[in-house]
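Read through the structure below, which is laid out as structure tokens, and then see the notes.
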Amino acid sequence: MTCKICSKKIIGRRDKIFCSVKCKNYYHVNLRKVTDRVVQEVDTILHRNRSILLEIMGKRKGQCTIDRIVLEKMKFRYKYHTHQYKNSKGKVYYYLYDFAWMEFSNDSILIIRNSPS
Ligand SMILES: [Zn+2]
């Protein structure tokens, strides 16, 4: 077996994948960098999505409907949400932090703002 990082021959236990603590740490630090970047990208999309909903809702409380095309023009990314909930009628609510949205009709979206309680 050779080290995953420096390719040196590994001495010792057969299941070892690094030759030293140094190489092991190097691997984990760099792996974390990749993970952080992915997390950051998703965070950015989620925050942008929330900003779009916030902009549409403005100072209004409660809920409003909007044409899907408007959201699309604002580059809203439907796939990204923080969690989802299906009600007893089978309607799915997609949450974005303190906001939620659902498909109101084929071409309109209902946006709901959940004021913190
Ligand atoms: Zn090594």
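Hydrogens, waters and symmetry mates are skipped; everything else that's a heavy atom, side chains included, is used.
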Check His81 against Gln84 and note the closest heavy-atom contact, atom names and distance.
NE2-OE1, 3.1 Å

Single-linkage hydrophobic cluster Val42~Tyr78, side-chain heavy atoms < 4.5 angstrom
yes

Would you find a donor on one side and an acceptor on the other, under 3.5 Å apart, between the side chain of Ser108 and the backbone of Phe104?
no

Side-chain contact, heavy-atom cut-off 4.5 Å: Tyr93 with Lys86?
no

Would you check, one step at a time, whether the test side chain to side chain contact (heavy atoms under 4.5 Å, CB included) holds for Met102 with Val92?
CA-CA 6 Å; Met102 64 174 266; Val92 183; over 6 Å; no

Considering non-hydrogen atoms only, spot the tightest contact between Arg77 and Ile45 and give its length.
NH1-CD1, 3.5 Å

Find out whether Tyr95 and Tyr85 are in side-chain contact, i.e. whether some heavy atom of one side chain is under 4.5 Å from a heavy atom of the other.
yes

Lys16 atom NZ: more than 12 heavy-atom contacts under 6.0 Å:
yes

Do His83 and Tyr94 have ring centroids that are under 6.0 Å from one another?
no

Kindly work out whether a path of hydrophobic side-chain contacts (I/L/V/M/F/W/Y, heavy atoms less than 4.5 Å apart) joins Ile11 to Met1.
no

Go through the steps for Lys91 and Glu103 under the test salt bridge (Lys or Arg N to Asp or Glu O under 4.0 Å), then give the verdict.
CA-CA 8 Å; Lys91 277 276 182 191; Glu103 289 181 342; over 6 Å; no

Counting distance only, does the side-chain N/O of Thr65 pair as donor-acceptor with the main-chain N or O of Leu110 below 3.5 Å?
no

Taking the side chain as every heavy atom from C-beta outward, state whether Met57 and Ile111 have any pair of such atoms under 4.5 Å apart.
yes

Are Tyr80 and Phe76 connected, step by step, through hydrophobic side chains (Ile, Leu, Val, Met, Phe, Trp, Tyr) whose heavy atoms are closer than 4.5 Å?
yes

Side chains of Ile56 and Cys64, heavy atoms from C-beta outward: is any pair under 4.5 Å?
yes

Heavy-atom side-chain contact between Leu71 and Ile66 under 4.5 Å:
yes

Salt bridge (charged side-chain N to carboxylate O under 4.0 Å, His left out) pairs touching residues 6-15, sequence neighbours excluded, are Arg13-Asp15

Roughly how far, to the nearest 0.5 Å, is CG of Asn25 from CG of Asn30?
11.0 Å

Closest non-hydrogen atom pair between Asn49 and Lys75, with its separation
OD1-O, 4.4 Å

Correct closest heavy-atom pair for Ile52 and Met74 would be CD1-O, 3.0 Å

Can you measure from SG (Cys3) to NZ (Lys22) and round to the nearest 0.5 angstrom?
10.5 Å

Is there a path of hydrophobic side-chain contacts, each under 4.5 Å between heavy atoms of I, L, V, M, F, W or Y residues, that connects Phe18 with Leu31?
yes

Identify which one of Asn114, Leu54, Ile112 satisfies the side chain to side chain contact (heavy atoms under 4.5 Å, CB included) criterion when paired with Phe99.
Leu54

What are the two closest non-hydrogen atoms of Ile5 and Tyr27, and how far apart are they?
CD1-CB, 3.8 Å

Mark yes or no for whether Asp67, through its side chain, and Ile69, through its backbone, hold a donor-acceptor pair below 3.5 Å.
no

Minimal non-hydrogen separation, Leu53 against Leu96, with atom names
CD1-CD1, 3.7 Å

